[in-house]
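The structure under discussion appears below in the form of structure tokens.
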2 protein chains.
Amino acid sequence: MDEILALLRADGGRITPARRAVAEILVGGEEHLSAEDIAGRIQGALPDVSVSTVYRCLEALEKLGVVEHVHLGHGPSRYHLADRHHVHLLCRACGQLIELPPDALDGLGERLDADHGFALEPRHFALLGTCANCRG
Amino acid sequence: MDEILALLRADGGRITPARRAVAEILVGGEEHLSAEDIAGRIQGALPDVSVSTVYRCLEALEKLGVVEHVHLGHGPSRYHLADRHHVHLLCRACGQLIELPPDALDGLGERLDADHGFALEPRHFALLGTCANCRG
DNA sequence: TTCGATGCAAATAGTTTGCATTCTA
DNA sequence: TAGAATGCAAACTATTTGCATCGAA
């Protein structure tokens, strides 16, 4: 938490209640939160942080490498601390999210690198499919 | 093309100029077209097919299994005939799209099935990363 | 006191929906 | 001519931006 604030400051940024609150939510550990979710959590204590401010805070934190977002199929982007990533499986039928260890796609990544010079970022998107329950 | 129209008819649907036009575009072979793209192509001949009609045509064709769409990172969904799929690599930096054979992720799919009962649909989303050019 | 951050409203992109109208079968 | 499909406008979701104002350093 202190590190995050220090990074913001080091970048010439300022520590505002909104930024502190966004950082706290993320450090709090709840995963897969959308910007809207985060705004909702914050608005208990700070009733008029706007969603756009949350987006701007997240953008600032992402630029510093503190935060990352994941695309889960259709819905909004989900944000989390950069050091808490993993690979996601998302069921298209029921929306269930399965987490895999971050190195789950390392083999694939190496193959794509060797064959196409492509640096896979396997934690930046979910793998879509159908979960065991929904497969009938 | 005739097969597609027959399927629509068999489903109790009707063959309209708009549907015929959407099907023709897709059969035409151009890949990675968004709904907006398709509407644009059609509007040459049929000036007032609305984008919503295109979405509804695509929805109908998708329900029949004729069409599929792919999520390419941020942008709009891209539509193509269901039998023309492949795996996509998308460069987050320059947007370049690399196509892999449809079975490129079969190994991964089998592993996820065995380990989690998860049926991967590896052609329904792009794998994000950075292409050889953009890696500096 | 300065310039970065915020709030709010409005713009944007992509997609969906309501409803009266049109046209296929 | 019944009901499926369309056109248009409006609603919606996710996100971004403009601009005047506020406040951290």
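Quick caveat: nothing in here was measured; it's all calculated off a predicted structure. Labels below follow one simple rule: chain letters A, B, ... track the order of the sequence lines, proteins then strands, and each chain is numbered from 1.
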Please name all residues satisfying side-chain hydrogen bond (donor to acceptor under 3.5 Å, both in side chains) with B:Asp37, sequence neighbours left out, ordered by chain then number.
B:Ser34, B:Arg78
Does A:His116 reach the side chain of B:Leu100, with side-chain heavy atoms less than 4.5 Å apart?
yes
Could you tell me the separation between the CG atom of B:Leu8 and the P atom of D:dG3, rounded to a whole number of Å?
20 Å
If a protein heavy atom is under 4.0 Å from the base, mark B; if only from the sugar-phosphate, S; if neither, -; do that for nucleotides 19-25 of chain D going 5' to 3'.
----BBS
To the nearest Å, give me how far apart OH (B:Tyr55) and C1' (D:dA10) are.
16 Å
Selection: residues 35-48 of chain B, any non-hydrogen atom under 4.0 Å of DNA chain C
none
Quick one: does A:Gln96's side chain have a donor or acceptor within less than 3.5 Å of a partner on A:Cys131's backbone?
no
Looking at B:Val70 and B:Ala126, what are the two nearest heavy atoms and their distance?
CG1-N, 4.4 Å
Sequence neighbours left out, what passes side-chain hydrogen bond (donor to acceptor under 3.5 Å, both in side chains) with B:Glu62? Give chain and number order.
B:His69
Under the ring-ring contact (aromatic ring centres under 6.0 Å, His included) rule, collect the residues that match up with A:Phe118, sequence neighbours excluded.
none
With no hydrogens and no angle check, just 3.5 Å: does a side-chain donor-acceptor pair link B:Glu99 and B:His32?
yes
Can you pull the contact range of chain B along DNA chain C, 5' to 3', using atoms under 4.0 angstrom from its heavy atoms?
C:dG14 to C:dA25
Given that B:Ala18 and A:Glu59 both sit by DNA chain D, which one's nearest nucleotide is further toward the 5' end?
B:Ala18
Value in whole Å for how far the C1' atom of D:dA5 lies from NZ of B:Lys63
12 Å
Side chains of B:Arg92 and A:His124: any donor to acceptor distance under 3.5 Å?
yes
Considering non-hydrogen atoms only, spot the tightest contact between B:Gly29 and B:Arg84 and give its length.
CA-NH1, 3.3 Å
Hey, do the aromatic rings of A:His71 and B:His74 have their centres closer than 6.0 Å?
yes
